Every structure is written in structure tokens, then in C-alpha cells.
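Report on the following structure.
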Amino acid sequence: MSKYMLIMRGTDESNAAMMADIDEMIARSRQFIEDLFKAGVYVAAEGLDDPGKGVVVDFSGEAPVVTDGPYGETKELFGGFFLLDVASKEEAVEWAKRVPAPRGAKVEVRRVPESDEVPQVDQ
């Protein structure tokens with residue numbers, strides 16, 4: 001089994017569509033999480049607050065620069081995630097196809113490496 005993160009990415013338009021019928025989206029998301037749990041693949045799931053309430057810490061210059069959201073140069077925003085423990089990337093993709101998402105949203109599927117796959121620093 002491998003862990004995969006289904007990363008929810010949206011635009012201003014897809015986020016507005018989701019908020020227009022938020023009660024239905026919440027119900028569909030709860031059902032999706034219940035389906036993941038029943039299948040034995042659920043690890044975690046979280047949504048994020050409005051990007052206008054966040055900040056970005058930019059390390060491009062000499063010192064970090066903090067900028068309040070929203071972020072005009074960003075075309076897609078990370079809106080939340082589902083973390084699954086599945087047998088394969090293909091299984092993760094099949095679950096991603098079932099994510100309750102508004103038109104225009106995207107779901108990025110990324111494997112979470114195990115701790116023994118991350119380079120270790122000798123101390």
C-alpha cells in the first residue's frame with residue numbers, strides 16, 4: 001500500500017460555483033469520505049479557508065517577504081486534500097475521478113514517499 005494525496009485545485013470561478021451550492025457540496029464530500037472509509041483507504045481529509053484570509057511568505061529575495069492574500073498572480077489555488085492509502089497510482093486516480101468537485105476544478109494525484117525513501121542527513 002502507498003499513500004496518495006488528492007490535491008484539490010480550483011480557480012475563482014470553480015470556487016464561486018462550489019460556494020453557490022455549498023450545502024450540496026458538503027453533503028457530497030461527506031458521502032465521499034464515508035465511501036473512502038468503508039473501502040479502508042481513508043487516512044485524512046481537510047479543506048482550507050478562503051485564500052483572502054491567508055498570506056504567502058516569499059523567499060525569493062534576501063529576506064522573506066510576507067504578502068496578504070488573495071494572490072492575483074495565482075491561476076489555481078490549493079483548496080484542500082484527501083489522503084488515501086491505496087494499492088496503486090491507478091487506484092488513487094480512480095478515487096480522484098469520484099471526488100465531488102465543481103466544474104473547472106482539478107484534482108492533482110501525488111504519491112507521498114515513505115520515510116525510508118527520503119534522503120537522510122548524517123549527523
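Just so it is clear, the structure is predicted and the values come from calculations on it, not from any experiment. Residue numbers count from 1 along this sequence.
- When all heavy atoms are compared, the tightest approach of Pro102 to Ser14 is CG-O, 3.3 Å.
- Formation of a donor-acceptor pair under 3.5 Å by the Ser29 side chain with backbone atoms of Met25 is found in this model.
- Residues Val43 and Val109 are members of separate hydrophobic clusters, defined by side-chain heavy-atom contacts under 4.5 angstrom among Ile, Leu, Val, Met, Phe, Trp and Tyr.
- One distance of note links CE of Met8 with CZ of Phe81; it measures 12.0 Å at 0.5 Å rounding.
- In this structure, NZ on Lys106 lies 9.0 Å from OG1 on Thr11, to the nearest 0.5 angstrom.
- To the nearest 0.5 Å, the span separating CD1 on Ile26 from CE on Met18 amounts to 9.0 Å.
- The shortest distance between side-chain heavy atoms of Glu90 and Val93 does not fall below 4.5 Å.
- Residue Arg110 places its CZ atom among 12 or fewer non-hydrogen atoms of other residues, nucleotides or ligands, all under 6.0 Å distant.
- For Ala92 against Leu6, the heavy-atom pair with the smallest separation is O-CD2, 3.8 Å.
- A side chain to side chain contact (heavy atoms under 4.5 Å, CB included) with Trp95 is found for exactly one of Phe82, Tyr42, Phe32, namely Phe32.
- The number of heavy-atom neighbours closer than 6.0 Å to CZ of Arg30, taken from other residues, nucleotides and ligands shown, is 12 or below.
- Between Asp58 and Thr67 the shortest side-chain heavy-atom distance does not fall below 4.5 Å.
- Within a 6.0 Å radius of CE in Met1, other residues, nucleotides and ligands contribute more than 12 heavy atoms.
- In the hydrophobic clustering of this structure, Leu83 does not group with Val41; members are Ile, Leu, Val, Met, Phe, Trp, Tyr whose side-chain heavy atoms approach within less than 4.5 Å, directly or through other members.
- Annotation: the span from Glu91 atom CD to Ser2 atom OG amounts to 10.0 Å, rounded to 0.5 Å.
- Looking only at distances, no side-chain donor or acceptor of Gln31 sits under 3.5 Å from a matching main-chain atom of Ala27.
- The CG atom of Leu48 sits 12.5 Å away from the NZ atom of Lys53 when rounded to the nearest 0.5 Å.
- Applying the 6.0 Å contact sphere to CZ of Phe37 captures no more than 12 heavy atoms from other residues, nucleotides or ligands.
- Between atom CG of residue Asp85 and atom OH of residue Tyr4 there is a gap of 10.5 Å, rounded to the nearest 0.5 Å.
- Pairing each heavy atom of Val57 with each of Pro64, the nearest pair is CG1-CB, 3.8 Å.
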